[in-house]
Amino acid sequence: MTLPFKLEKKHKYLIHSLLVGAVFFWFSFSSDDNKISIFMISLVVVSVGTLISQYPNIEIRNVYYNLLIPMHLMVGMMLSIIYFPNLGDLLKITAALVFSFVFYVVLLINNVFMVVEEKKEIIPLYRAAVTWNQILLVVVAIPYLAGVFKMPLNAFIQGLVVTLSIFFLFSHHLWALQLDREVKQLRIGEKWMLIIFMTFLGFIYSITVSFIPTESFLRALFVSTFLIFGVNYLQGHLKNTLTFKLIAEYFILSVIFFLIILIYKP
């Protein structure tokens, strides 16, 4: 049996996004007893669905990068539902719709990166995809980090979980940047040392606020300021556009958010 229309990638992305949105909606209105089972189902839907929707561009070399942001997005949204239970029904429905839209955009951006990787040349959409990828890294990180900081874990364990995610997100961004042959091409050792260095700084940021009695959302915003700095630092490092002014601006931004955390009393 043949379909009456050709199933293009944009159609597969739409189906996949609506499917994960439906699973998230199901999770949002399910009882606590069923949440673990639905969570496991969601991970399967995200991972298997990504492999199907991104075929044939997805390969062994890029499957890791393709799953990073979708997984963080799904886990972050579900942690928000678990640890912020007072959200109203209308807000949950809106969150499911927004989640589906953001997931769709993530699939589109990753597809652009894979096309560039396959063709080994820059396409017109690449520059826009890099910019949107920077924005999405922070957008995805905020609910995820807020959920992690809400989890009943030791502050050091929370810091390790956050640090691991920062490592993943920075590795994805560096992969996207290195697809541009006009920027500085790093050797494998140099690339991972740079990511590890940035991850260590992220660990310092997360541990710094882990022992301060404040709202988890404010902690997430503080660590997100480092993510904003980190993605711009990586881009500036590769394009040789890194300046003292850039570092100073983000340092001041971090100090402002840190003072807000110290002043705010929950």
Side-chain angles (χ1 to χ4, degrees), residues 54 57-73 102 105-142 144-145 162-206 221-255 257:
Q54 296 288 18
N57 296 99
I58 195 165
E59 300 175 5
I60 295 297
R61 63 180 176 176
N62 57 37
V63 65
Y64 161 79
Y65 299 109
N66 270 276
L67 292 176
L68 286 180
I69 297 184
M71 284 294 188
H72 277 82
L73 178 59
V102 174
V105 174
V106 169
L107 293 176
L108 287 176
I109 290 174
N110 280 337
N111 177 64
V112 172
F113 293 150
M114 285 187 295
V115 170
V116 173
E117 185 178 45
E118 182 181 0
K119 292 186 175 181
K120 293 182 172 54
E121 62 181 31
I122 300 300
I123 62 176
L125 289 174
Y126 172 75
R127 308 294 183 194
V130 169
T131 301
W132 275 101
N133 191 57
Q134 291 176 316
I135 297 172
L136 283 175
L137 285 177
V138 179
V139 170
V140 169
I142 291 176
Y144 175 83
L145 293 173
V162 170
T163 302
L164 187 61
S165 292
I166 289 175
F167 175 86
F168 288 147
L169 295 177
F170 277 153
S171 66
H172 180 279
H173 188 58
L174 189 57
W175 166 68
L177 292 174
Q178 288 276 272
L179 295 174
D180 186 353
R181 299 299 174 181
E182 296 181 1
V183 305
K184 179 182 179 182
Q185 295 298 304
L186 304 177
R187 290 172 297 197
I188 294 179
E190 186 181 2
K191 179 178 70 173
W192 290 112
M193 284 302 297
L194 179 60
I195 293 175
I196 290 172
F197 170 69
M198 298 302 297
T199 302
F200 174 73
L201 293 180
F203 175 74
I204 299 300
Y205 264 68
S206 61
L221 285 179
F222 178 71
V223 177
S224 295
T225 62
F226 169 72
L227 286 175
I228 297 172
F229 163 73
V231 295
N232 284 281
Y233 178 88
L234 290 176
Q235 187 164 342
H237 177 76
L238 295 180
K239 294 186 176 182
N240 293 319
T241 58
L242 197 61
T243 63
F244 176 77
K245 180 182 178 182
L246 175 69
I247 298 175
E249 287 176 351
Y250 283 106
F251 176 75
I252 294 172
L253 181 64
S254 297
V255 170
F257 273 92

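Computed from a prediction, not measured in an experiment: that's the story for all the values here.
For the atom pair CG (Leu221) and CZ (Phe257), the distance works out to 5.5 Å, reported to the nearest 0.5 Å. In this structure, the separation between OH on Tyr233 and CG on Leu238 is 10.0 Å, given to the nearest 0.5 Å. In this structure, CD1 on Ile58 lies 4.0 Å from CG on Asn66, to the nearest 0.5 angstrom. Atom CG of Leu227 and atom CG of Asn232 lie 11.0 Å apart (nearest 0.5 Å). With rounding to the nearest 0.5 angstrom, the CD1 atom of Ile109 is 10.5 Å from the CG atom of Leu125. Note that the CD1 atom of Ile247 and the CD1 atom of Ile252 stand 12.0 Å from one another [nearest 0.5 Å].
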Distance-only donor-acceptor hits, side chain of residues 129-140, under 3.5 Å, sequence neighbours excluded:
from: Thr131; atom 1: OG1; to: Arg127; atom 2: O; distance (Å): 3.2
from: Asn133; atom 1: ND2; to: His173; atom 2: ND1; distance (Å): 3.4
from: Gln134; atom 1: NE2; to: Gln235; atom 2: OE1; distance (Å): 2.6

Distance-only donor-acceptor pairs under 3.5 Å for side chains of residues 113-123, two or more places apart:
from: Glu117; atom 1: OE1; to: Asn62; atom 2: ND2; distance (Å): 2.9
from: Glu117; atom 1: OE2; to: Trp175; atom 2: NE1; distance (Å): 3.3
from: Glu118; atom 1: OE1; to: Asn57; atom 2: ND2; distance (Å): 2.8

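Residue pairs meeting the salt bridge (Lys or Arg N to Asp or Glu O under 4.0 Å) criterion with at least one member in residues 234-251: none, sequence neighbours excluded. Applying the salt bridge (Lys or Arg N to Asp or Glu O under 4.0 Å) test to pairs two or more places apart or on separate chains, none has a residue in residues 222-234.
Residues Val63 and Ile60 come closest through the heavy atom pair CG1-O, 3.4 Å. Nearest heavy atom pair, residue Ser171 against residue Tyr64, reads OG-OH, 3.0 Å.
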Please evaluate residues Phe170 and Phe197 with respect to the criterion ring pair (Phe, Tyr, Trp, His ring centres under 6.0 Å), reporting the C-alpha separation (whole Å), side-chain torsions for both, the decisive distance (0.1 Å), and the verdict. CA-CA 11 Å; Phe170 277 153; Phe197 170 69; over 10 Å; no
Derivation and outcome, side-chain contact (heavy atoms from CB on, under 4.5 Å), residues Thr225 and Tyr205: CA-CA 9 Å; Thr225 62; Tyr205 264 68; 4.0 Å; yes
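In this structure, the side chain to side chain contact (heavy atoms under 4.5 Å, CB included) partners of Ser165, at least two apart in sequence or on a different chain, are His72, Tyr144. Asn110 meets the side-chain hydrogen bond (donor to acceptor under 3.5 Å, both in side chains) test with His172; sequence neighbours excluded.
Using a 4.5 Å heavy-atom cutoff, the side chains of Ser206 and Ile166 are not in contact. The shortest distance between side-chain heavy atoms of Ile204 and Phe200 falls below 4.5 Å. Residues Phe229 and Leu253 have side chains not in contact (no heavy-atom distance under 4.5 Å, counting atoms from C-beta outward). Two residues are said to be in side-chain contact when any heavy atoms from C-beta on lie closer than 4.5 Å; Phe167 and Ile195 meet this criterion.
No more than 12 heavy atoms of other residues, nucleotides or ligands shown are found within 6.0 angstrom of CZ on Phe251. For Arg187, the CZ atom counts as loosely surrounded, since its 6.0 Å shell holds 12 or fewer non-hydrogen atoms of other residues, nucleotides or ligands.
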